[in-house]
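Proteins get letters first, then strands, A, B, ... in listed order; numbering begins at 1 in each. Quick note: numbers below take in every heavy atom, side chains included, and nothing from hydrogens, waters or symmetry partners.
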Number of protein chains: 2
Amino acid sequence: MINIESKIEALKQKCAEANMRLTPQRIEVLKMIASTDTHPDAETVYESVKEVMPFISLDTVYRTLASLEDLGLIFKVDNELPKSRYDADLSPHCHFICVKCGAVYDIFMDSHIEPPKESFKYGEVLQTNLQVKGICHKCKG
Amino acid sequence: MINIESKIEALKQKCAEANMRLTPQRIEVLKMIASTDTHPDAETVYESVKEVMPFISLDTVYRTLASLEDLGLIFKVDNELPKSRYDADLSPHCHFICVKCGAVYDIFMDSHIEPPKESFKYGEVLQTNLQVKGICHKCKG
DNA sequence: TTATTATTAGTAATAATTACTAATAAGGAA
DNA sequence: TTCCTTATTAGTAATTATTACTAATAATAA
């Protein structure tokens, strides 16, 4: 479970460092993503944040997601689905992705995965992550 | 390096099994993907196949890619880039993906990756794959 | 060879994301 | 506090990737 307060605190710091403004839109979008483990897409974030901030635009959500990603506070879940899914949990974990309904489940691990040695042959490694694709119980039966 | 002949042979068999027709479009699209290690996107496949088959349509390429994927002859490379990338190499390997230019490099491994035990909690596991994201030498400078 | 019907070419439509612009508001300076 | 600068936003238009539609074509089996 993510500590929302410390997440907002991190946003405050990162914004200051990057000369970016701490706007209510950024706070709400980050809050929303950090308070769920469903790895929502942009549209879902939009619908959810609209409940507390009715005039937010979808464009702002997309821009904010990109900003938060640039600041290293959230990241996109690698998938081959049409919509991007977002995650605010930076602890070591990977994802089970249902290829049928698109559900994304966390699989927590003791430590981050080491990249295969050969990786460094191709450039600077930023991140290594594991994807487990399958069919979730709900879709199965 | 993929053996194109055996790949086409597999297509022939799979098509027969699935009651699908062995069309020149399917052969050419599969040939194209199997003969490169660049993991092309649909547009690139289209441009390339057009050279030998000038009247093929982009729609056919998309449909064919989906069919070949259904037959288990190719698969999409998981990424968070706007375009889907395709791979015909089914041997154990993962990918280095440059987050800047989108280049995809193969990292070959001795065996397929075992899914974490927790994976099975969420459903039936179909595939496990590792992604290494970074910045390739070319983009680095 | 012929008949059946899966598949295709060409194009229109959709879905997700990004770009544009005038208005707004965050945050530093006075 | 108040004012200024300019990053950010809302609203909407545009773009990009992908999918759907339809009449024409061609792969396979009889």
Do the non-hydrogen side-chain atoms of A:Asp89 and A:Met1 ever get within less than 4.5 Å of each other?
no
B:Thr64 OG1 to B:Tyr46 OH distance, which is reported to the nearest 0.5 Å:
12.5 Å
Considering only heavy atoms from C-beta outward, does the side chain of A:Pro92 approach that of A:Asp110 to under 4.5 Å?
no
Between A:Asp106 and A:His39, is any pair of side-chain heavy atoms under 4.5 Å apart?
yes
B:Asn79 side chain reached by B:Arg85 side chain, heavy atoms, under 4.5 Å
yes
Take nucleotides 5-12 of chain C nucleotide by nucleotide from the 5' end and write B, S or -, depending on whether a protein heavy atom sits under 4.0 Å from the base, only from the sugar-phosphate, or from neither.
BBSBBBB-
Under 4.0 Å from OP1 or OP2 of C:dT17: is there any side-chain N or O of A:Tyr62 that close?
yes
Can you pull out the residues from residues 35-42 of chain A that lie within a 4.0 Å heavy-atom distance of DNA chain D?
none
Between C1' on D:dA27 and CG on B:Leu11, what's the gap in Å once rounded to a whole number?
13 Å
Electrostatic pair B:Glu17-B:Lys14, nearest N-O below 4.0 angstrom
no
Taking only heavy atoms on the protein side, list every residue of residues 80-88 of chain A lying under 4.0 Å from any atom of DNA chain C, sorted numerically.
A:Pro82, A:Lys83, A:Ser84
Quick check: do B:Cys94 and B:Asn129 have side-chain heavy atoms less than 4.5 Å from each other?
no
Using distance alone, with no hydrogens and no angle criterion, decide if A:His95 and A:Asp78 have a side-chain donor and acceptor under 3.5 Å apart.
no
Could you state the CG-C1' distance from A:Leu65 to C:dT18, rounded to the nearest angstrom?
13 Å
Between P of D:dT28 and CD1 of B:Ile27, the distance in whole Å
8 Å
So, do A:Tyr105 and A:Val132 sit near enough that their side-chain heavy atoms are less than 4.5 Å apart?
no
Would you call A:Glu124-B:Lys140 a salt bridge at under 4.0 Å N-O?
yes
